[in-house]
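Note that the structure is a prediction, hence the values are computed from the model and not measured.
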Amino acid sequence: STPVVSHGYLFAFGSRGSGILNVYDAKTGATVHQRRIGSGTGASASVVASGDRVYCINEDGEVYVIEAGGQFTEKALNKMGETVMATPAAAGDTLFIRGAQHLFAIRKK
């Protein structure tokens, strides 16, 4: 999956079954932290940043909402209940996620 830069950090979510989120300083390339998230399922969907959040989705459809920044802070975990292979899209206050069977539109109430 393609990484994303947000708030001065590059976020890369591991593919090929690793399930590891790698965070690097975007200017120096230095590793800030690495963390296994989820059960180790790989990611086909690219990491997406919107506002102060970064969204990492594995192929099991687990959406990890991470605070953009140098500390690992998981804000939420949302399970879509189906395989997700496509990169989500952020538009305004809505995050669109295409699962194997459904298109989800997620936003705050």
Side-chain angles (χ1 to χ4, degrees):
S1 65
T2 303
V4 70
V5 174
S6 180
H7 291 75
Y9 298 93
L10 184 138
F11 295 81
F13 189 40
S15 59
R16 292 185 292 248
S18 72
I20 296 175
L21 174 65
N22 296 286
V23 181
Y24 305 96
D25 183 292
K27 289 185 181 180
T28 68
T31 300
V32 175
H33 61 80
Q34 295 179 314
R35 172 90 41 142
R36 179 175 302 280
I37 57 178
S39 58
T41 302
S44 294
S46 295
V47 181
V48 172
S50 181
D52 62 349
R53 302 286 190 259
V54 174
Y55 300 89
C56 304
I57 304 176
N58 64 21
E59 291 177 2
D60 286 337
E62 297 172 331
V63 180
Y64 293 89
V65 183
I66 309 298
E67 186 172 320
Q71 298 293 323
F72 178 83
T73 304
E74 184 178 309
K75 302 302 278 186
L77 166 60
N78 301 289
K79 296 183 179 185
M80 307 315 310
E82 60 189 72
T83 301
V84 175
M85 304 287 283
T87 299
D93 65 347
T94 305
L95 183 67
F96 295 93
I97 299 172
R98 177 68 177 125
Q101 302 296 320
H102 300 91
L103 174 62
F104 303 92
I106 302 168
R107 71 173 66 101
K108 287 183 181 180
K109 288 184 177 183

Measuring only between side-chain heavy atoms, which start at C-beta, is Val48 closer than 4.5 Å to Thr87?
yes
Item to complete: Measure the shortest side-chain to side-chain distance between Val47 and Cys56 over non-hydrogen atoms and say whether it is less than 4.5 angstrom.
Response: yes
Go through the steps for Asp52 and His7 under the test side-chain contact (heavy atoms from CB on, under 4.5 Å), then give the verdict. CA-CA 8 Å; Asp52 62 349; His7 291 75; 4.3 Å; yes
Between Gln71 and His33, the two heavy atoms sitting closest are C-NE2, 3.9 Å
request  = Any chance you could lay out the side-chain contact (heavy atoms from CB on, under 4.5 Å) test for Ile106 and Met80, step after step, and finish with the verdict?
outcome  = CA-CA 11 Å; Ile106 302 168; Met80 307 315 310; 4.0 Å; yes
Discussion item. I'd like to know if the side chain of Asp60 and the backbone of Glu62 have a donor-acceptor N/O pair within less than 3.5 Å.
Written reply: no
Linking I/L/V/M/F/W/Y whenever their side-chain heavy atoms sit closer than 4.5 Å, directly or via other members, would Ile57 and Met85 fall into one cluster? no
When rounded to the nearest 0.5 Å, the distance separating CD1 of Ile97 from NE2 of His102 is 13.5 Å
Heavy atoms of Val54 and Ala68 approach each other most closely as CG2-CB, 3.9 Å
In short, Asp25 meets Lys27 closest at the heavy-atom pair OD1-N, 2.8 Å
Where does the angle between the aromatic ring planes of Phe11 and Tyr9 fall among parallel (under 30°), tilted (30 to 60°) and perpendicular (over 60°)? perpendicular
ask   = Is the shortest heavy-atom distance from the side chain of Phe13 to the side chain of Ile37 under 4.5 Å?
value = yes
Residues Gly70 and Val32: closest non-hydrogen pair is O-CG1, 3.2 Å
**OP:** Determine whether Leu95 and Phe104 make a side-chain contact, defined as any pair of heavy atoms from C-beta on separated by less than 4.5 Å.
**Re:** no
Tell me, do Phe72 and Leu21 make a side-chain contact under 4.5 Å, heavy atoms counted?
yes
dist Leu10:CG -> Thr31:OG1 (nearest 0.5 Å) comes out at 10.5 Å
By salt bridge (Lys or Arg N to Asp or Glu O under 4.0 Å), Glu67 pairs with (sequence neighbours left out) Lys75
Any side-chain to backbone donor/acceptor pair from Ser46 onto Thr2? Under 3.5 Å, distance only.
yes
- For Tyr55 and Val65, what are the C-alpha separation, side-chain angles and deciding distance, and is it a side-chain contact (heavy atoms from CB on, under 4.5 Å)? CA-CA 5 Å; Tyr55 300 89; Val65 183; 3.7 Å; yes
- Spell out, yes or no, whether Val84 and Tyr64 are grouped together once hydrophobic residues are joined by side-chain heavy atoms under 4.5 Å, including indirect joins. no
Taking every heavy atom of Thr94 against every heavy atom of Ala105, the minimum-distance pair comes out as CG2-CB, 3.9 Å
Scanning both residues in full, the closest heavy-atom pair of Ala45 with Pro88 reads CB-CD, 4.1 Å
Report yes if the side chains of Asp93 and Lys108 come closer than 4.5 Å at any heavy-atom pair, otherwise no. no
